[in-house]
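First the proteins, then the strands, lettered A, B, ... as listed; each starts at 1.
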Amino acid sequence: MTTLPEKTDRKLGLVIDLDTCVGCHACVVSCKGWNTENYGAPLSDQDPYGADPSGTFLNRVHSYEVQPEEGAAQLIHFPKSCLHCEDAPCVTVCPTGASYKRVEDGIVLVNESACIGCGLCAWACPYGAREMDAAEGVMKKCTLCVDRIYNVNLPEEDRVPACVRTCPAGARHFGDLGDPESDVSKLVEERGGMDLMPEQGTKPVNKYLPPRPKDELDQVDVLAPYLQPVAEEPKGFIGWLDRTLEKL
Amino acid sequence: MHPAPSVIIFTTLSGLGFGLLAWLGLGFPEVTGWVAFTFFAIAYALAVGGLVSSTFHLGHPERALLAFTQWRTSWLSREGVVSVATLLVMAVYGAGLVFWGESWRLLGVIGAVLSLGTVFCTAMIYAQMDTVPRWKTPLTPLLYLMLSVAGGALLAGQVKAAMLLLPLAAAAQVLWWMRGDGAFAQSGTTLATATGLGGTGKVRSFEHPHTGSNYLLREFTFQVGRKHATKLRSIAMLLGYVLPFSLLIMPFSHALALVAVLSHLAGVAASRWLFFAEAEHVVGLYYGKR
């Protein structure tokens, strides 16, 4: 059913730390690896070794430059995947009922056997979280690794989304954002976690932790006086050269 | 947005076909027998032809029947349900006119309402999209309905009505363009709100996730259309409204009427191409494309 649930028992989602992410794309690779081999149609590539490679990804890492009024620009790596919105516009537009939001944990999924590949859900998503698989003709999206997180055949430490499990920087966190006492909720509270495009009214479950301000060095630099330029005006041969070139 | 030919053909043809059905349902013109058959054949060819063409862009058209199930929330599903209801009701009404020379007025009126309902549902598929500010306006269903009613009048040979409705449709079109050009800036969605990084400085896309293209870039960041927008708008105006209107002023002949209809169709197709090609999806922000 494409009617959104009034409320979900839990709100499973990700917290992504933009301060910690180093932009290594390991989450992209592990996501593609797990999800091409497990639930649903594989994530196909077109012309992967040719001149114009393209493929389906459920998670992509952008990089942005933020230039403050003063000082150096900051580079921020920005992983983006489905935010499992509470008010998911992609679900309600689906004509077949293939898209749905689960009542038990809030995960937004696609039943691929009912998907006609009309692409309307991808139009409705402001985040570009849904991609039509060019080989399979069905819509693909992040499942929050629903086939890992409840999988009792996996060791307990592996029962998290593949991207979270693989992140070498610890920039990705997984948990119940509907429970104010959960680790992820506390992290969001502490670090001022934010929504992407709040004005779109989608109420994303996933949160992003903003980059912390850069450190400022305020110690006295004892060597500074010795490193001042010694000659303001060049003398001797260099001085003559400087004056002559100036006249030309 | 990527202007998929199947969707442009669909919205253009079926809009016109359902517009003609609406006029026929209301009894303009009051026809029976073979003449009625011809009118209904043209209307059904346009409406059904459009609907069939719309299935060409589906990944799995064999599952299309499922699209009738989610009418509670989905405008696309509603469009499917209402269009089939229209075609069924108008088939019975048309059969009455063609085979028995009977005009079952109530059925015709219901069919006319359903016809316009179908066009409204089509327009709402676009008008509901918060992600495409250019489309997100009540002017979108107004434009679609005006085009359908004006084009329908032209096809139904309702010269007086068409001479009134064509300028009104042109006005709706100009209004829609004028509002649309500022819609993205008005929406308040920027790269700063998209990334949440606007607080510390000016945000710029430094690097895309991959060096190659992808579905999102192909589907949502189409830009060729904007280069020729002014020219195409002039062509749409000229062919869609000015030329058909001028032809209507001249003494009526079937040949001129045919030219008027074809010209209008070409104009609407150009306008519909721009409808998609000029539409900016907010996801383009993430790729530094807006």
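- Neither the backbone nor the side chain of B/Glu79 comes within less than 4.5 Å of any heavy atom in chain A.
- Chain B forms the most heavy-atom pairs under 4.5 Å with one residue out of A/Pro68, A/Gly23, A/Ser113, and that residue is A/Ser113.
- Contact annotation for A/Met132: both backbone and side-chain heavy atoms come within less than 4.5 Å of a heavy atom of chain B.
- When A/Ala51, A/Ala73, A/Gly128 are compared by the number of non-hydrogen pairs under 4.5 Å with chain B, A/Gly128 comes out ahead.
- Heavy atoms closer than 4.5 Å to chain B are found in both the backbone and the side chain of A/Leu120.
- Atom CG of B/Leu216 sits about 4.5 Å away from atom CD of A/Glu131, to the nearest 0.5 Å.
- Contacts with chain B were tallied for A/His77, A/Met197, A/Met139, A/Gln67; A/Met197 has the most, counting heavy-atom pairs under 4.5 Å.
- Interface check for chain B: of the options A/Met194, A/Arg130, A/Gln200, the most heavy-atom pairs under 4.5 Å are formed by A/Gln200.
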- Hey, mind stepping through B/Thr200 and A/Gln74 against side-chain hydrogen bond (donor to acceptor under 3.5 Å, both in side chains) and telling me if it holds? CA-CA 10 Å; B/Thr200 44; A/Gln74 204 174 346; 5.3 Å; no

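- Between B/His57 and A/Cys118, the closest heavy-atom pair is NE2-O, 3.5 Å.
- Only the side chain of B/Arg218 comes within contact range of chain A, judged by heavy atoms closer than 4.5 Å.
- Aromatic ring centres of B/Tyr287 and A/His62 lie closer together than 6.0 Å.
- Residue B/Glu219 touches chain A through its side chain alone, counting heavy-atom pairs closer than 4.5 Å.
- Classified by interplanar angle (parallel below 30°, tilted 30° to 60°, perpendicular above 60°), the ring pair B/Tyr286/A/Tyr127 is tilted.
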- Message: Walk me through whether A/Thr96 and B/Gln70 qualify under side-chain hydrogen bond (donor to acceptor under 3.5 Å, both in side chains).
- Response: CA-CA 6 Å; A/Thr96 67; B/Gln70 303 301 312; over 6 Å; no

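- Per-residue heavy-atom pair counts under 4.5 Å with chain B were compared for A/Cys125, A/Ser63, A/Gly201, and the maximum is reached by A/Ser63.
- Using a 4.5 Å cut-off between heavy atoms, A/Gln46 makes no contact with chain B at all.
- Contact count versus chain A (heavy atoms, under 4.5 Å) is highest, among B/Leu285, B/Asp130, B/Thr211, for B/Asp130.
- Contacts between A/Val61 and chain B at a heavy-atom distance below 4.5 Å involve the backbone alone (N, CA, C, O).
- Counting heavy-atom pairs closer than 4.5 Å to chain A, the top residue among B/Ala194, B/Gly212, B/Gly198 is B/Ala194.
- Interface summary for chain A: among B/Phe68, B/Phe206, B/Trp71, the most heavy-atom pairs under 4.5 angstrom belong to B/Phe206.
- Heavy-atom pairs under 4.5 Å with chain B peak, among A/Pro53, A/Ala114, A/Pro210, A/Ala122, at A/Ala122.
- When heavy atoms are compared at a cutoff of 4.5 Å, A/Glu112 approaches chain B solely by way of its backbone atoms N, CA, C and O.
- Atom CD of A/Glu199 sits about 7.0 Å away from atom OG of B/Ser187, to the nearest 0.5 Å.
- Looking at A/Pro89, there are no atoms closer than 4.5 Å to chain B (heavy atoms on both sides), in backbone or side chain.
- Heavy-atom distances place no part of B/Phe56 under 4.5 Å from chain A, backbone and side chain included.
- Residue B/Ala64 touches chain A through its backbone alone, counting heavy-atom pairs closer than 4.5 Å.
- Within the 4.5 angstrom heavy-atom criterion, only side-chain atoms of A/His25, from C-beta onward, approach chain B.
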